[in-house]
Every structure is written in structure tokens, then in C-alpha cells.
Amino acid sequence: MLKLKTLLTPIALSLALVVAIPAIAKKDRDHNRDGMRQILSQLSLTDVQKQDIREIMKQSRQDGRVFKEDTSTFRSEIQTLIQSNEWDQSAIESALAQSQSVQTDKMLQRATQKNLVWNALTTEQQTKFASLVAENNENLESKDSNTKGKHKRKYGMFKKLALTDEQKAGIKTIREQARESDKNIRAKLKEFKKAERALITSSDFSSEDWLALSAEYQSDFVAMSVSKANVRHDVWNMLTAEQQQKVTERIEKMQDRKKHGKKHKKQQTV
């Protein structure tokens, strides 16, 4: 069996769309877990490997609860800045720089977890795993290239707000301008992911090496987060007071459902 070290894993701060911050963050985490499970199920794992990987996942989930309160505080602060009338570049940069330390811890935990899983596999399984991941990424990129579907999803979440044509056009312009200005940052972050993948699939992965790599791209991480926050701030301020109230009520309802869902799940496991 694998001997697992305690992994301090704060929950990553996810600046999701301003109308659905909690729900989309949860959806992304669930999607990542489901994708990993699906790939691992195709590798003909032995019983020992399955048990090892279950222990890795279990440890990761337990450690992920450590900084939950800090993450919630960051999320509330940033959401307040996003929903303010005036854009405060200095305040948002400061808040996001602080939250980046939380994000870095989570990314390191995730990379460590992936490396442990990777090294629990045989050489043949690793080759198949890499192939399946590449195939999965290609499928995701293909779906993302379907701009018609993307636009449908984007505006679908605003449907109940009864946006005017002027608001829809304004939101579209905001997002297109941000996408164009962020091209260079996105390219650099792709470089990071490629270099990180090389570390994860090595037999001598170390947190020191990963942190050194991450440090090279810290300014890019923050710059991308600031850009996204700016987009959400501009979108928020295109809404009327009534529409903003509806958004706030929707966020509160989603948070309540999330709390009740966790409580129900805990009761089922008792």
C-alpha cells in the first residue's frame, strides 16, 4: 500500500460567472472527478491499485476541508468588489493576489494527487492513460469550438433576467474584447500546463519543483483573474437594480441548495 503524506489542500477560489459562482465551481469539480474516474475505469486496474487510488482520493478530500473558511472569506470579498458601482483596480488586484496563495495550494495538491495516481500505474497503463487524456482534451476543445452552443449556454443563464437587446449586445462586446486582450496570457498559461504535465508524469515529482514552476507564472495567474473579474464587474453594472436583485436571490438559493445537499449526503452516510 502507498504511504500517504498529509496534503494541506485549501479549496481553490473559483471566480465563476457572477450569476452562478457556487454552482459552476461545484460543476467543474464534479466534472474533473468524473473524468478521472472514467479514464481510470478503462485501465484494468488491479485490486491493490484500486485501493491505493481510493486512499489517495480520500486523503485529498479530507485535506481539502482545511481552509474552507478562508476560501469563503476571499470569495465574499471579491464578489463584493465585482458587484460595486466603480471598478477599483488596486483593491481587486490586492484581493486576487491574496487569494492566489489559496489557489496555489490547491493546484499543488491537485498536481501531487495526479502524480501519486500516475506512479501507481504500470508503464503500459501510463501510456494508455496519457492517450485517453489527450483524446478527452481534444473532445473538449471540439465542444468549445462550437460557438453557437457556447453562446446559447451563456445567454441561457441570463434568460430569466429578461435582458434587452442592448444589454445582450453589450455583454457580448465585453466578453469578446476581453477574449482578444487575454490571448497572450492564455498562451502563457498553456505553456504552464504543458510544463506542469511533465512534472506530474515524472517519477521524482517534488513540491519544490512545482512551486518554482508556478512562481514563474504567478503574475499571469493574477492578470487572468483580474481580467475575468473586470468582465464580471462590467456585466454586473449593465444590469438594472431589479435584475441585480434577481441575481442575488438566485445566488442565495443555490447556496442554500448546496448546504441542504451536503447535509442530506452526510445523513445518508451515517
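Just the heavy atoms: all of them, side chains too, but no hydrogens, waters or symmetry mates, feed the values below.
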Any side-chain donor near an acceptor of the partner, Q113 and Q109, under 3.5 Å = yes
Under 3.5 Å donor-acceptor, S60 side chain and I56 backbone = no
Go through the steps to decide whether S227 and I185 satisfy the test side chain to side chain contact (heavy atoms under 4.5 Å, CB included), and finish with yes or no.
-> CA-CA 10 Å; S227 176; I185 299 177; 5.7 Å; no
Is there a side chain to side chain donor-acceptor pair (under 3.5 Å) between S131 and E135 once you walk through the steps?
-> CA-CA 6 Å; S131 176; E135 182 180 339; 5.2 Å; no
Heavy atoms from other residues, nucleotides or ligands near CD of E124 exceed 12 (cutoff 6.0 Å) | no
Is there a donor-acceptor contact under 3.5 Å linking the side chains of Q177 and T173?
-> no
Find the distance between OG1 (T46) and CG (L121) and round it off to the nearest 0.5 Å.
-> 9.5 Å
Is any side-chain heavy atom of Q79 closer than 4.5 Å to a side-chain heavy atom of Q83?
-> yes
Salt bridge (charged side-chain N to carboxylate O under 4.0 Å, His left out) with E208: which residues, sequence neighbours excluded?
-> none
Where do E55 and Q59 land on the side chain to side chain donor-acceptor pair (under 3.5 Å) test, with the steps shown first?
-> CA-CA 6 Å; E55 289 298 321; Q59 185 69 59; over 6 Å; no
With K128, which residues qualify under salt bridge (charged side-chain N to carboxylate O under 4.0 Å, His left out), at least two apart?
-> none
Run the side chain to side chain contact (heavy atoms under 4.5 Å, CB included) check on Q89 and V226 step by step: do they pass?
-> CA-CA 8 Å; Q89 182 80 10; V226 170; 3.8 Å; yes
pair K114-R197: side-chain heavy atoms closer than 4.5 Å | no
Run the numbers on Q49 and Q125 for side chain to side chain donor-acceptor pair (under 3.5 Å), then give the verdict.
-> CA-CA 11 Å; Q49 286 177 313; Q125 289 170 330; 2.7 Å; yes
Hey, does L40 have a side-chain heavy atom less than 4.5 Å from the side chain of F129?
-> yes
Evaluate the criterion side chain to side chain contact (heavy atoms under 4.5 Å, CB included) for residue pair W87 and I92; output intermediate values, then yes/no.
-> CA-CA 8 Å; W87 174 251; I92 197 72; 3.5 Å; yes
Write out all pairs satisfying ring-ring contact (aromatic ring centres under 6.0 Å, His included) with one or both partners inside residues 183-208, taking only residues at least two apart or from two chains.
-> F192-Y217, F192-F221
CG (N115) and CZ (R110) are apart, to the nearest 0.5 Å, by 15.0 Å
Can you sort out the partners of E196 under salt bridge (charged side-chain N to carboxylate O under 4.0 Å, His left out), two or more places apart, ordered by chain and number?
-> K193
Any donor-acceptor N/O pair, H233 side chain to L81 backbone, under 3.5 Å | no
Sort and list the pairs that fulfil salt bridge (Lys or Arg N to Asp or Glu O under 4.0 Å) and have at least one residue in residues 212-225, not counting sequence neighbours.
-> K188-D220
Is the closest side-chain heavy-atom distance between T240 and Q167 below 4.5 Å?
-> yes
4.5 Å side-chain heavy-atom contact, L108 and S207 = yes
Check: S94 side chain, S90 main-chain N or O, donor-acceptor pair, under 3.5 Å = no
Would you call M238 and I171 a side-chain contact if the rule is heavy atoms closer than 4.5 Å?
-> yes
Residues in salt bridge (charged side-chain N to carboxylate O under 4.0 Å, His left out) contact with K194, at least two apart in sequence or another chain | none
Side chain D182, main chain M224, donor-acceptor under 3.5 Å | no
Give the intermediate values and the outcome of side chain to side chain contact (heavy atoms under 4.5 Å, CB included) for residues L163 and L239.
-> CA-CA 8 Å; L163 295 176; L239 305 179; 3.7 Å; yes
Test item: V247 and W236 side chains (from C-beta on) under 4.5 Å apart, heavy atoms | yes
